[in-house]
Amino acid sequence: MEQIQSVKGFNDQLPDKVNKIKFLENTVSKLLMQRGFSEIRTPIVEFENLFKRSVGETSDIVSKEMYTITKEDNKSIALRPEGTVGVARCLLQNNLTNTIQKLWYNGYMFRAENPQKGRYRQFQQIGVEVYGISSVNIEIELLNLTYILFSQLQLNNSLTLEINSIGSIEDRQKYCEALRQFFKSKESLLDQKLIQQIEKNPLRVLDSKDPRVKELVKGAPIISDYISEKSKNDFNIIQNSLKSLRIPFVVNNTMVRGLDYYNDLVFEWTSNLSTSQGTVCAGGRYDSLLSQLGSKDTPAFGFAIGVERIILLMEELSLFNELEPKKIALCLMNTDNYIDGLLLQQKLISILDMEVMIINEQTSIRSQMKKVDKSNSDYAIILGSQEINDNTFTIKDLKIGQQQTLDFESLINYLKN
Ligand code: HAM
């Protein structure tokens, strides 16, 4: 009988991967909680209309990639393709839009994309959304926060912060008109599909991957010539603040982002490694999202991190060994030593910032060591009746293969160093 496989683009996460994901989740959540952000959880399903009204009917995410799963009261419902809009809906529904909200979330998103390395149909985002702060201080705080995160993960040298200002919604309408005029003059070079796309939303054409279109776009008007004095001024303040904070960045004036709700600052952290999927974190300001959903304009700014893409990058750079807590495998000579094993495990955990796992197998030390050698543990501690009587511990450094017997105090010093 044919074996049933997982659905394409929906991946299992095996324990080794989950450890890495947990490490990232813990690092990000600690950073956010230390700065007063609160976690929020919203459903993975929303009415389809919510995304159509906010992310944009012409965006790839809504027009091609949404999983619309069933009808409820004649309204289609969809698996969320992103998290920003669900949080907005939730704040409106719970009357939470009149005070400052500093929120974060962590969860699966769904897009029917063509799966490839770093691009999945079910993927995980950790997102941050701040409501109620109109000053660019919030842009600066969150850009700084992403910088601190990537420094902690030792990714700074492998990532570039790209920023742009796309102005207000009105500025963008003027810019779109200018783009339409520009492409009209090139109509003989365009196919019907592209002409239609330009009519509907010319911004989408700007980040086309088609080399022919890319070449054409090179001569197109640029958005910075169409944004208001206020937007230009805000963008300058942000750039100067990044310089004061010594955060390197580049201005990418063709970056418009693929979701319609943005205004003014947009940004992406992109990988410099050619082997990985470009963007690992992206966001921007979206002051009109709540009014698009039937409320009033409310200042908002946020971003989301692509968890799988960060993990891939950290794996490519072999960063996990350095950053993850060290792992100790505790091997017992025989089952009579089990209680002493448990007591030692508890003692080590309370003193050291390490993982200590008891190898709970009734096999010889030799076969336990064979198993441990193949695991990703850093040390093995062997505990037998002799060791318990002498209060000594045999420890093997599994990375260099060196073994020694130490008293408890020396063992702790050895592991701490
Ligand atoms: P986004 O650029 O569509 O923005 O996604 C944010 C990040 O999610 C991307 O930079 C990427 O790292 C990751 N990502 C997106 N699609 C996939 C995929 N198919 N497979 C793996 N990773 C993926 C948003 O979703 C906005 N909601 C971000 C935001 C929050 N803006 C304001 N607040």
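No experiment lies behind these values; they were computed from the predicted model shown. The first residue in the sequence is number 1, and the count goes up from there.
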Side chains of Asn164 and Asn253, donor plus acceptor under 3.5 Å: no
Glu129 and Lys102 ion-paired at < 4.0 Å: no
Spacing of Gln403 atom CD and Met369 atom CE [to the nearest 0.5 Å]: 6.0 Å
Residues Arg41 and Glu39 bridged, charged N to O under 4.0 Å: yes
Basic-acidic side-chain contact under 4.0 Å: Arg180, Glu177: yes
Residues Thr394 and Thr405: side-chain donor-acceptor under 3.5 angstrom: yes
Results of side-chain hydrogen bond (donor to acceptor under 3.5 Å, both in side chains) for Ser291 - residues two or more places apart only: Asp297
Backbone N/O of Arg204 and side chain of Gln197: donor-acceptor pair under 3.5 Å: no
Tyr175 side-chain N/O to Pro221 backbone N/O, donor-acceptor pair under 3.5 Å: yes
CZ on Phe320 to CE on Met314, rounded to 0.5 Å: 4.0 Å
Between Ser29 and Trp104: side-chain donor-acceptor atoms closer than 3.5 Å: no
Shortest non-hydrogen contact between Gly302 and Phe267, atoms and distance: O-CE2, 4.2 Å
Among Glu316, Glu308, Glu315, the one residue meeting salt bridge (charged side-chain N to carboxylate O under 4.0 Å, His left out) with Lys117: Glu316
Asn263 versus Ser168, side-chain donor and acceptor atoms under 3.5 Å: no
Lys/Arg cation over aromatic Tyr379: Lys399, 6.0 Å, 45° cone: no
Verdict with reasoning, Thr42 to Tyr105, per side chain to side chain donor-acceptor pair (under 3.5 Å): CA-CA 8 Å; Thr42 62; Tyr105 53 86; over 6 Å; no
NZ/NE/NH1/NH2 to OD/OE distance under 4.0 Å, Glu139 and Arg285: yes
Shortest non-hydrogen contact between Ala329 and Ser377, atoms and distance: CB-OG, 3.9 Å
Side-chain donor-acceptor contact under 3.5 Å, Glu387 with Thr392: no
Asn144 side-chain N/O to Ile140 backbone N/O, donor-acceptor pair under 3.5 Å: no
For the student: nearest non-hydrogen atoms of Leu330 and Gly341, plus distance: CD2-O, 3.4 Å
Glu46 bridged to Arg80 by N-O distance under 4.0 Å: no
Check: Lys326 main-chain N/O paired with Asp378 side-chain donor or acceptor under 3.5 Å: no
Centroid-centroid under 6.0 Å between Tyr286 and Phe301 rings: no
Close side-chain approach of Phe393 and Phe408, heavy atoms under 4.5 Å: yes
Audit row: Ser158, Asn272, side chain to side chain donor-acceptor pair (under 3.5 Å) steps and yes/no: CA-CA 5 Å; Ser158 314; Asn272 309 335; 5.8 Å; no
Shortest non-hydrogen contact from Val55 toward Ser59: CG1-OG, 3.6 Å
Donor on one side chain, acceptor on other, Gln124 and Glu25, under 3.5 Å: yes
